[in-house]
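In what follows, a structure is listed as structure tokens, so that the remarks can point back to it.
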Amino acid sequence: MHAHREINSDYPTGGQSPGEKETEPPPANAMYHQSLAASRLSSSLLTLPKELPAFCASNHGMLVMNPGLLNSRAGSPYYSETYSDNLNNKRKKPAIQTRQERFAGSGNVCPMGSGASRLYSSLAQTLVSTSTTTTPLAQHPSPSQGCHSPPGGHPLQLLRECEEALRDRPPRLLRAFICPGEGEVDREEVDNDATQRTIRVMQWNILAQALGEGMDSFVNCPLEALNWAERKYLILEEILTYRPHILCLQEVDHYYDTFQPILASLGYRGNFCPKPWSPCLDVKGNNGPDGCALFYDEARLDLVDSVNVRLCALFTPTNQVAVVTTLRCRVTGRRLCVAVTHLKARSGWECLRSAQGSDLLRNLTTLTQSPGGPSGPIGVAPDTPLLVCGDFNAVPSEDVYQRFASSPLILDSAYKRLSRDGLSEPAYTTWKIRPTGECCNTLDYIWYSREAFSVDAVLDMPTEEQIGPNRLPSYNYPSDHLSLVCDFSFKKQEEE
């Protein structure tokens, strides 16, 4: 079955999850109603209500507000029937220098302007609904049907256009892949047969635009550095630089107007699950709720099944969600189950995070069982191996981390492979300065079934000097969290 489903999908329109501040529901004519109508839209085939013909082009193309014209002025209120293979509608300047060359030995930074894009707002207004009835989601078309955005985008071309749009900003953080036991390696020079069997996974909390500009209070980050008109280029540049086969994102509040159409043009298919009570909705002029998104490269992976999960604690639905997608590798023919989640933030909520983690593990155990029955006794690896990516908001000493590390699903954390002993997590995956002080912690993880996968390479963390004294986010890095990138390969059947 190639379909999308939901678990605990009857999101209430009243009340709040444990640990979240009480929020008054928006009026019926608000930009985005809490009914979670958007979650019922298949992220790959956007099935829109009949009363919205203005957004439906032939062959399910989308008429959206400049989704591909990424350097158009933020808030520009005109529509264009365009697709994301055309990233730049302005005349290109001759690329005389690269960003690295331009900023070598220079401390000059040009202001980037201010304001946030409202490209999502008109679409969001159409999703107002007071119904809480669960409706079937549109089925994903078969992979042979291809993406619904016309093909034509090329990663290297789009990467060059991103670099050109960012030429007045400092160069991006340069990071190297580390092969466990071998040290730094150029993955482009690795044996081609080996790389053909590798699955690259990226985990990244990209920082919701509404939170970055409106709530998170990064005291050493100029507001101009968070301007969506250019910050989105930084996010896309990071993705295009590493070109993962599987992309797991948190705090996505520009799914429909930016990431879905652009990544679709590059051959990715995705699914998005918004938080039922996203804090983004408390920010004036928000772009809709933030949530988790999972994309996969259709050239490498086929969809088997996809489920949106609302995480529970003590049988009570919470504000945190997960996307769980089962895929089949086209090269090896083997299945894998990938999950992306974002657990409750802030200190003082460790017990809630632990309960949410336990609920996610319970759901993963169920979803990876054989169709004919349970996967076997406790301690036996599930039939479908797992990759679990997320911002857990938990340091390694927390209970939720220990639950994953000791789970009967036999999971291990990939980024421990960066350490010499293979037992320690990196010193940090997020580094920021807020009014309450400096926060340098490890909160993000890529868990994998250690009996099914080998970790072939891990993207190293930038140094403190590279990050700079003002920490993250910054003019040359778009989020307060660093991306995690790993190359995995299936172990041979007899090795498992």
Side-chain angles (χ1 to χ4, degrees), residues 1-6 38-48 55-57 59-62 64 67-68 83-85 87 123 136-155 158 199-204 206 235-236 239-240 242-250 252 254-274 291-309 321-341 367 384 387 389 488:
M1 178 178 64
H2 299 276
H4 179 87
R5 301 177 285 124
E6 288 194 358
S39 72
R40 302 193 182 105
L41 297 177
S42 167
S43 58
S44 300
L45 175 55
L46 189 58
T47 306
L48 296 169
F55 284 90
C56 300
N59 299 322
H60 301 287
M62 285 183 61
V64 293
Y83 294 93
S84 55
D85 57 323
L87 269 170
L123 178 58
L137 287 159
Q139 285 196 345
H140 291 273
S142 66
S144 61
Q145 291 179 264
C147 300
H148 292 279
S149 294
H154 190 279
L158 297 184
I199 297 175
R200 176 165 292 178
V201 179
M202 175 182 278
Q203 146 61 31
W204 196 15
I206 61 173
I235 298 173
L236 291 169
I239 296 169
L240 292 167
Y242 302 112
R243 294 169 63 181
H245 299 110
I246 298 170
L247 175 61
C248 296
L249 304 176
Q250 298 88 35
V252 179
H254 278 274
Y255 179 82
Y256 292 106
D257 68 329
T258 301
F259 296 108
Q260 193 277 335
I262 292 173
L263 292 173
S265 78
L266 298 174
Y268 287 89
R269 190 179 294 278
N271 183 50
F272 173 64
C273 184
C292 294
L294 191 154
F295 295 90
Y296 62 94
D297 180 0
E298 288 192 292
R300 179 60 64 90
L301 300 155
D302 289 329
L303 175 68
V304 176
D305 194 19
S306 188
V307 179
N308 284 357
V309 180
V321 298
V323 178
V324 184
T325 301
T326 303
L327 303 166
R328 181 183 292 106
C329 178
R330 288 176 176 243
V331 177
T332 64
R334 298 176 65 178
R335 289 189 181 192
L336 65 156
C337 180
V338 187
V340 54
T341 193
L367 293 168
T384 304
L387 295 170
C389 301
F488 293 97

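These numbers come from a predicted model, not from an experiment. Positions are given from 1 along the sequence.
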For [X] and [Y], which heavy atoms make the closest approach, and how far apart are they?
X: C337; Y: V324; answer: SG-CG1, 3.4 Å
X: L266; Y: P155; answer: CD2-N, 3.8 Å
X: Q250; Y: C389; answer: NE2-O, 4.3 Å
X: V321; Y: P274; answer: CG1-O, 3.8 Å

Do [X] and [Y] come close enough that some side-chain heavy atom pair is under 4.5 Å?
X: V323; Y: S306; result: yes
X: I199; Y: I246; result: yes
X: C248; Y: L294; result: yes
X: Q260; Y: F272; result: no
X: C329; Y: L301; result: yes
X: F488; Y: L336; result: no
X: L158; Y: L236; result: no

What's the separation between atom [atom1] in [X] and atom [atom2] in [Y], rounded to the nearest 0.5 Å?
X: R300; Y: L327; atom1: CZ; atom2: CG; value: 12.5 Å
X: L247; Y: F259; atom1: CG; atom2: CZ; value: 9.0 Å
X: R200; Y: D297; atom1: CZ; atom2: CG; value: 12.0 Å

Check whether any side-chain N or O of [X] sits under 3.5 Å from a backbone N or O of [Y] as a donor-acceptor pair, and report yes or no.
X: R330; Y: E298; answer: yes
X: R328; Y: V304; answer: no
X: T326; Y: V338; answer: no

Using the six-membered ring wherever Trp is involved, compare the ring planes of F295 and Y268 and label them parallel, tilted or perpendicular (cut-offs 30° and 60°).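 Geometry flag for Y268 against F295: perpendicular rings.
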Decide side-chain contact (heavy atoms from CB on, under 4.5 Å) for L249 and Y255; before the verdict, give the C-alpha distance in whole Å, the side-chain angles of both, and the deciding distance to 0.1 Å. CA-CA 10 Å; L249 304 176; Y255 179 82; over 6 Å; no
Show the numbers, then the answer: is there a side-chain contact (heavy atoms from CB on, under 4.5 Å) between T258 and I235? CA-CA 11 Å; T258 301; I235 298 173; over 6 Å; no
